Amino acid sequence: MTTTTDRAARLSAYSVAAGAATLGAIAPAEGEVIIFSGAGISIGQGLSQNIDIDGDGFQDINLQNFVFGNNYMGAQVNYFPGQLVISNNSFPYYVTALGDGDIVDASTVGPTFAGALAYGSNPSSEFDNADGAFIGLSFPANGNTYFGWVEVDIDQAAGTFFVSRWAYETQPGVGITIPEPASLGLLAAGAAGLAGYRGRRKASA
């Protein structure tokens, strides 16, 4: 259970990271959470969208808004050994819709790098009518593993897929907690301010 003290500590950590990014710091310190936000991205039907989670020029996750008989929304981490937070342990895999207080770390990701978000009337789909739901993932960079999330709004019946923001924990191997909406509303970290100084490169298998 998340306590008031835990929430206050998380809010402080998120706010410090956002302030550093907004001011164009030379580099984010390890142990910070960096959130990239902006006007958002709308993914049209029949299209997919790559997201560079940490702003280093490598596309970490691919989000799909396809039509396979029914409207299908899916996700896959592009680089091994990255994985998604999945709700089941056998194919076909479905991504877990995360919310306030959920943790993305080595114990929650897996067992695969790809899964469905929403598809038809399948009861395993957790993003059919997602409003501010989170995708959790791990991704590799410079030989290390990092944890992050992507916040999305999805209306499966209407075929709409909107990405509002994403974040990652800068310390390799350390998990990230999904923040409550109030703390997200205080943040203004932009991808443009970080992309220029990110020097590390991903190790791909």
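As the structure is a prediction and not an experimental result, all values here were calculated from the model.
- Counting only residues at least two apart or in different chains, ring pair (Phe, Tyr, Trp, His ring centres under 6.0 Å) contacts with residues 81-106 are absent.
- Closest approach of Pro140 to Phe80, counting heavy atoms only: CG-O, 3.4 Å.
- Between atom CG of residue Asp54 and atom CG of residue Asp60 there is a gap of 5.0 Å, rounded to the nearest 0.5 Å.
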Between Ser125 and Gln156, does a side chain to side chain contact (heavy atoms under 4.5 Å, CB included) hold up when you go through it step by step?
CA-CA 10 Å; Ser125 302; Gln156 186 274 334; over 6 Å; no

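- Considering every non-hydrogen atom in both Gln76 and Ala114, the closest pair reads CB-CB, 3.7 Å.
- Residues Gly57 and Asp52 share a closest heavy-atom pair of N-OD2, 2.7 Å.
- Asp128 pairs by the side chain to side chain donor-acceptor pair (under 3.5 Å) definition with nothing, not counting sequence neighbours.
- Residues Ser87 and Glu126 approach most closely at CB-OE2, 3.4 Å, considering heavy atoms.
- One hydrophobic cluster holds both Val152 and Leu47 under the rule that ILVMFWY side chains link at heavy-atom gaps under 4.5 Å.
- Residue pairs satisfying the side chain to side chain donor-acceptor pair (under 3.5 Å) criterion with at least one member in residues 64-73, sequence neighbours excluded, are listed as follows: Gln45-Asn71, Asn62-Gln64.
- Judged by distance alone, with hydrogens and angles left aside, the side-chain atoms of Asn78 form a donor-acceptor pair with the main-chain N or O of Gln59 at under 3.5 Å.
- Between the Asp131 side chain and the Asp153 main chain, no donor and acceptor come within less than 3.5 Å of each other.
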Can you check side chain to side chain contact (heavy atoms under 4.5 Å, CB included) on Val95 and Phe127, steps first, answer last?
CA-CA 8 Å; Val95 180; Phe127 288 82; 3.9 Å; yes

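- Nearest heavy-atom pair across Asn144 and Pro172 is CB-CB, 3.6 Å.
- Closest non-hydrogen pair, Ile178 versus Leu98, comes out as CG1-CB, 4.1 Å.
- Note on ring orientation: taking the six-membered ring where Trp is involved, the planes of Tyr168 and Phe139 are perpendicular (angle over 60°, cut-offs 30° and 60°).
- Ala75 is linked by a side-chain contact (heavy atoms from CB on, under 4.5 Å) to Ile61, Leu63, Leu84, Leu117, counting only residues two or more places apart in sequence or in another chain.
- Partners of Asp155 by side-chain contact (heavy atoms from CB on, under 4.5 Å), not counting sequence neighbours, listed by chain and number: Asn129, Ala157, Ala158, Thr160.
- Side-chain contact between Asn89 and Pro111 is present, with at least one heavy-atom pair separated by less than 4.5 Å.
- With side-chain heavy atoms closer than 4.5 Å counting as contact, directly or through intermediates, Val174 stands alone and belongs to no larger hydrophobic cluster.
- Applying the side-chain contact (heavy atoms from CB on, under 4.5 Å) rule to Ile103 yields the partners Asp105, Thr177; only residues at least two apart in sequence or on another chain are considered.
- In this structure, Ser138 contributes its side chain and Tyr146 its backbone to no donor-acceptor pair below 3.5 Å.
- Side-chain contact check for Trp149 versus Ile176: some heavy-atom pair is nearer than 4.5 Å.
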In sequence, state the C-alpha distance, the side-chain angles, and the governing distance for Val85 and Leu137, and then conclude on side chain to side chain contact (heavy atoms under 4.5 Å, CB included).
CA-CA 6 Å; Val85 177; Leu137 74 151; over 6 Å; no

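- Around the OH atom of Tyr119, the shell of radius 6.0 Å holds more than 12 heavy atoms that belong to other residues, nucleotides or ligands.
- The cluster map of Ile, Leu, Val, Met, Phe, Trp and Tyr, joined by side-chain heavy atoms under 4.5 Å apart, puts Phe161 and Ile41 in the same cluster.
- For Ser90, the side chain to side chain donor-acceptor pair (under 3.5 Å) test picks out no residue, with sequence neighbours left out.
- Rounding to the nearest 0.5 Å places CZ of Phe134 at 4.0 Å from CD of Glu151.
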